[in-house]
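Here's the structure we're looking at; comments come further down.
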Amino acid sequence: MRRYDREKQTWVIPEQRHLNINTRIELMRDVLVNSRCQSIVVSLSIANFLNQTTADKLVKFFNSPNGPEIMYIEIDRIPVLDLLIPMAAFYHESGIKIVLSQIGSNRHFEQVNASLQYIDGIKLTIQSATDAIGMPPELRKDIQFWGEIATNWKIEFIVAGVADESMFTWLQNQDYVDYLEGPHFGTAELPLLMS
């Protein structure tokens with residue numbers, strides 16, 4: 001999230017880091033108009049994920065003519081099941097998928113196990129380039145552990161943090177991985193603006 005400072009002729013990080021849902025939807029709509037890719041990932045806090053007004057607006061956008069073909073909602077923690085179940089059902093009724101990021105190592109399994117039947121994917125993030133090259137046994141164990149769980153629950157398994165070609169090649173040879181993401185595939189570039 002950046003703002004263009006016309007006086008300095010540069011992009012700057014704004015003081016306000018969180019955009020309201022209306023602004024986010026407007027920005028997503030603008031991006032989709034000029035993009036071949038018609039799938040989008042919306043990262044939400046637990047409070048926003050559980051907020052019915054936010055959910056209604058996302059569903060309305062998703063179902064609109066300018067909405068994406070595929071929408072994922074990414075959350076970094078799982079709310080209590082009593083709150084997760086009805087919201088997951090609401091999003092799923094419209095075809096919106098839910099992904100849990102930040103699953104970490106297999107030590108976090110107990111925390112997420114009960115919720116796996118209500119989500120559509122899990123994301124394991126590699127923290128550094130040395131993880132794939134310097135610690136393949138541990139990383140391979142985590143990928144196998146979470147990959148088997150994803151397969152058993154018939155949910156998607158994403159590995160994020162792919163930093164370079166060697167890591168990409170190594171991960172392609174691992175079982176279970178459905179999607180890869182990270183800076184290796186390109187970094188976001190801010191547009192040039194005419195003054």
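The structure presented is a predicted model; accordingly, all values stated were derived computationally and were not measured.
- Under the rule for a side-chain contact (heavy atoms from CB on, under 4.5 Å), Lys154 has no partner lying at least two apart in sequence or in another chain.
- One finds the CG atom of Asp142 at 10.0 Å from the CD1 atom of Ile126 (value rounded to the nearest 0.5 Å).
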Check: residues 23-32 side-chain donor-acceptor pairs under 3.5 Å, at least two apart:
from: Thr23; atom 1: OG1; to: Asn20; atom 2: OD1; distance (Å): 3.0
from: Arg24; atom 1: NH1; to: Ser43; atom 2: O; distance (Å): 3.2
from: Arg24; atom 1: NH2; to: Ser43; atom 2: O; distance (Å): 2.7

- Message: Would Leu81 and Ser115 count as a side chain to side chain contact (heavy atoms under 4.5 Å, CB included) here? Give the steps.
- Response: CA-CA 7 Å; Leu81 285 178; Ser115 64; 4.1 Å; yes

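- Taken from CG in Asn51 to NZ in Lys57, the straight-line distance is 8.5 Å, to the nearest 0.5 Å.
- For residues 56-103, every residue pair satisfying the ring pair (Phe, Tyr, Trp, His ring centres under 6.0 Å) rule, not counting sequence neighbours, is listed here: Phe49-Tyr91.
- The distance between the ring centers of Phe168 and Phe185 falls below 6.0 angstrom.
- Looking at residues two or more places apart in sequence or on another chain, you find no side-chain contact (heavy atoms from CB on, under 4.5 Å) involving Asp175.
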- Task: Take Met87 and Leu83, measure what side chain to side chain contact (heavy atoms under 4.5 Å, CB included) needs, and give me the verdict at the end.
- Result: CA-CA 7 Å; Met87 288 311 293; Leu83 299 175; 6.0 Å; no

- Candidate pair Tyr176 and Val159, rule side chain to side chain contact (heavy atoms under 4.5 Å, CB included), full reasoning: CA-CA 10 Å; Tyr176 307 111; Val159 176; over 6 Å; no

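- Atoms CG and CD1, from Asp178 and Ile155 in turn, are 9.5 Å apart once rounded to the nearest 0.5 Å.
- With values rounded to the nearest 0.5 angstrom, Ile122 atom CD1 is found 4.0 Å from Ile103 atom CD1.
- Rounding to the nearest 0.5 Å gives a distance of 9.0 Å between CG of Leu171 and CG of Leu124.
- Within the structure, the salt bridge (charged side-chain N to carboxylate O under 4.0 Å, His left out) test picks out the following pairs touching residues 71-84 (sequence neighbours left out): Glu74-Lys123.
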- Task: Would you sort out whether Ile46 and Ile75 count as a side chain to side chain contact (heavy atoms under 4.5 Å, CB included), showing the intermediate values?
- Result: CA-CA 7 Å; Ile46 294 303; Ile75 53 177; 4.2 Å; yes

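- No donor-acceptor contact under 3.5 angstrom links the side chains of Glu148 and Asn152, judged on distance only.
- Checked against side-chain contact (heavy atoms from CB on, under 4.5 Å), Glu69 has the following partners two or more places apart in sequence or in another chain: Gln38.
- Using modelled atom types and a 3.5 Å distance limit, the side chains of Asn66 and Ser64 yield no donor-acceptor pair.
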